[in-house]
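Each ligand, and each atom within it, is numbered from 1 in the order the structure gives. On a predicted model such as this, the values are computed, not experimentally measured, just so you know. The chain is numbered in sequence order, starting from 1.
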Amino acid sequence: MTSIVHAYEHLNELPKADQDLMQAAIKARSHAYAPYSNFHVGAAVLLNDGTIVLGNNQENVAYPSGLCAERTALFAAGANFPGQAVVKLAISAASLDFEVSEPVYPCGACRQVMSEYEQLSKQPMEILMMGATGGVHVVKGLINILPVAFNADNLKRK
Ligand code: THU
């Protein structure tokens, strides 16, 4: 069986354009506002026309009011570039307290949002994940990390 995860030992093994997208996520990570968890996440969304939209986690003293990097980036893309298909999403995470050397996978709520943007985009979304150091995991298509998702058809009368 072919693996659903393409694992790379190092960022420089990826195609140059993907390296650049991850570098954009790493830069976005440096602007995270995460004083409560000290866990900084950056996300970079690649749109169909080549535009890259950045996001990072934004926390709040009322903890549940904060938002993950992935949704911050995707909602910014949806708000500012409506109708543009989302092609790829790169994620990088780092902690101020310990080394993050494994790729960090998006939380369930972000996967749900990614799933909807993927449907709107009519193409499988490529997800590139990395810690602060170490390798990169690439997954092609939300189906691999969110099978049998709740979707818009579920709201329609049959
Ligand atoms: N976080 C993200 O931004 N993305 C993820 O994929 C996992 C978690 C954020 C939410 C919160 O600000 C902090 O990381 C700790 O959970």
Asks: Checking side chain to side chain contact (heavy atoms under 4.5 Å, CB included) for the pair Phe98/Asn38: CA distance, chi angles, key distance, verdict?
Replies: CA-CA 10 Å; Phe98 56 90; Asn38 279 347; over 6 Å; no
Asks: Is there side-chain contact between Glu70 and Val113, with heavy atoms separated by less than 4.5 Å?
Replies: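 Glu70 does not reach Val113 side chain to side chain.
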Asks: If I take atom CG from residue Leu21 and atom CD1 from residue Ile26, how far apart are they, to the nearest 0.5 angstrom?
Replies: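 Taking CG in Leu21 and CD1 in Ile26, the distance rounds to 10.0 Å.
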Asks: Can you pull the residues with any heavy atom under 4.0 Å from ligand 1?
Replies: Ser37, Phe39, Val41, Asn57, Glu59, Cys68, Ala69, Glu70, Tyr105, Pro106, Cys107
Asks: Report the residue from Val100, Asn56, Asn57 that forms a side chain to side chain contact (heavy atoms under 4.5 Å, CB included) with Val41.
Replies: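 For Val41, the side chain to side chain contact (heavy atoms under 4.5 Å, CB included) check succeeds only for Asn57.
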Asks: Contact between Phe39 and Leu96 at the side-chain level, heavy atoms closer than 4.5 Å - yes or no?
Replies: no
Asks: Please tell me if the side chains of Leu89 and Tyr117 come closer than 4.5 Å, counting only heavy atoms from C-beta onward.
Replies: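 No; the side chains remain at least 4.5 Å from each other.
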